[in-house]
Amino acid sequence: MILRGVGRRYGLRGPWVLRGLDLELPAGSLVRIEGANGVGKSTLLRLLAGIDAPTEGRLTDRPRTAYVPERFPAALPFTAAGYLIHMGRVHGLPTAEAAVRAQEWLARFGAAGHARTPLAELSKGASQKVAVAQALIAEPDLLVLDEAWTGLDTAARDELDRAVAERVAEGATVVFVDHDPRRLAGAADLAYRLEDRTLTPAADSPGDTGPHVRIEATGRPSAALPPGLPGAPVVERDAGNPAAVRLTTTTAHSDTVLHALLTARPPWHVTGLSQLPAPVPAPVPGATDGAAVDLMPRPAPGPGPGATVAPVPETVSRPARTVRSPVGATTAVIRYQAATLARSQRWLAPLLLYAAVLGVGVRAGQPLLDSLGYAAAALLPAAAWFVRLCVTQEPLAARTVTASAVGPSRAHRASLLTGLGCALTLGAAGAGIVLLISEPAGTDHTVAVPLLPAALAGLLAAGCSALLGTAVGALCARPVLHRHGWSLAATVLGALLALVTDGSPAKAAVTGLVSGSLTGTVRMPVLPLAGALVVAVAVAALTSRIAALRE
């Protein structure tokens, strides 16, 4: 991923938080970002994760991304495993594979017993384990960690260290910020300090002053080691045994080196592991991989007396992951948004509002077209309400997680489509009730009205209102309006204006049904529906673009 001249500020005339950043993040690298509180580290991570867009400059070649926020919310209506399965699908995994990986990662972080626990009942530490697991379940090519170790117990922190090493060994880029300068000390390939709104190279905390690990392995004679081994280990080959190799590296890199050896094709066989108490001298010039170095006689490969054996990471063979299409990603987010809305029971309020309005205005035996027009008009505010709920129902940290997986624009569009789908379903149900209880006749009850054309016209009018309601809801919620009071007032006013303003597609559709009832003529609201569709698409594109620029 490449950043060129990237800057970020909030608001059109707000102060610059970042300015003139030039950065290249190579694959298979671990990158530490340092800096004092408030200098913009989280802003930079949000740019890297794709949650925000730069105000100026360009950011290109972003790979599949997962993001772990500093604090993960517990206000989602899922169990731990249920949420991870949803996020696995959002990242493109089949449901069965997402379920398996969810259990694996919960077990690795010592949270297997919380798989069926609602997120709202989890402790802060357990919630953070879920936050980390949702990012690792996707095996992303770019992993962005914003104080991800905060709240984790010692065992979980160590496990996250190992998981980071595994991602780097598999060729992913990991960018992290942590308040503890000892976190992954000496393991980072690149380190930068953020100050004065820009990045400067920084020396990573020394990691070669502690114990080292010696790894002894065998492979095919004169076989080349995997390229780019983390930590630049000291490599020695035995001239008397071309198949044997000995590597010495820091403990911080030992797991990643082991993982690279075991997953190489063909794999290397680890025959000995031992921990050394002190650093080793730098490699002798010319003693690189492929050059035979005569070694002093030594014991057979294996750990020495009292030596601590480093654990060998268990490798799991997984099928190749298919890249999900944009439509598939949007569908997965819609499914997640719909499940969130259904489980939260917030859908009850607009449903009850629509039912109450129908109960007041629709009676058995009334003219069919009049009742269909009334039902379509009542749907518009309900649709705006559904959209507001879908756009705002995720807590902020959860929204950033979803946005990093599929992009903020696509995540926002998925919320709008979820609200529109709820409104269309409700409108179809309302039209069905009207068809059952209304009289298929005109206003004076003397002229018959054809039932099937009337039903189609009523559904089209309901669709027109649902689309206009979606536009109103999108314009009256984040990212356009953030304050709840202003948002609610604007939604009510916008829904009213969409129903009574001349030229409004919703008013034209409803008026066509009511006026047709006078003569028993069914008028298909095709043009109003097309106009409502154009308005809804334009508003969705506008608000999705704003969502990509600011939260």
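- Contact of the Y67 side chain with the I51 side chain is registered, since non-hydrogen atoms from C-beta on lie closer than 4.5 Å.
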From CA spacing to verdict: salt bridge (charged side-chain N to carboxylate O under 4.0 Å, His left out), R89, E97: CA-CA 9 Å; R89 285 196 290 247; E97 185 177 354; over 6 Å; no
Salt bridge (charged side-chain N to carboxylate O under 4.0 Å, His left out) assessment of D146 paired with K41: CA-CA 8 Å; D146 189 0; K41 297 190 300 296; over 6 Å; no
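- Below 30°, between 30° and 60°, or above 60°: for H86 and Y336 the angle between ring planes is between 30° and 60°, a tilted geometry.
- Between M1 and L48 the shortest side-chain heavy-atom distance falls below 4.5 Å.
- Contact annotation: the side chain of T173 never approaches that of P63 to less than 4.5 Å [non-hydrogen atoms, C-beta and beyond].
- The residue from H482, R478, R388 that alone fulfils the side-chain hydrogen bond (donor to acceptor under 3.5 Å, both in side chains) condition with S487 is R388.
- Nearest heavy-atom pair, K129 versus A156, reported as atom, atom and distance to 0.1 Å: CE-CB, 3.8 Å.
- Residues V130 and A80 share a closest heavy-atom pair of CG2-CB, 3.9 Å.
- Between L119 and Y83 the shortest side-chain heavy-atom distance falls below 4.5 Å.
- Within the 4.5 Å cutoff, no side-chain heavy atoms of R58 are placed close to those of V6.
- Residues T331 and R335 fail the side-chain proximity criterion, which asks for heavy atoms closer than 4.5 Å.
- Within 6.0 Å of atom CG in L352, more than 12 heavy atoms from other residues, nucleotides or ligands are found, so the atom counts as buried in its surroundings.
- Side-chain atoms of Y354 and L379, non-hydrogen and from C-beta on, do get closer than 4.5 Å to each other.
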Residues R399, E394; criterion salt bridge (charged side-chain N to carboxylate O under 4.0 Å, His left out); working and verdict: CA-CA 6 Å; R399 286 204 301 270; E394 280 186 286; over 6 Å; no
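- Considering only heavy atoms from C-beta on, F72 stays 4.5 Å or farther from V132 through its side chain.
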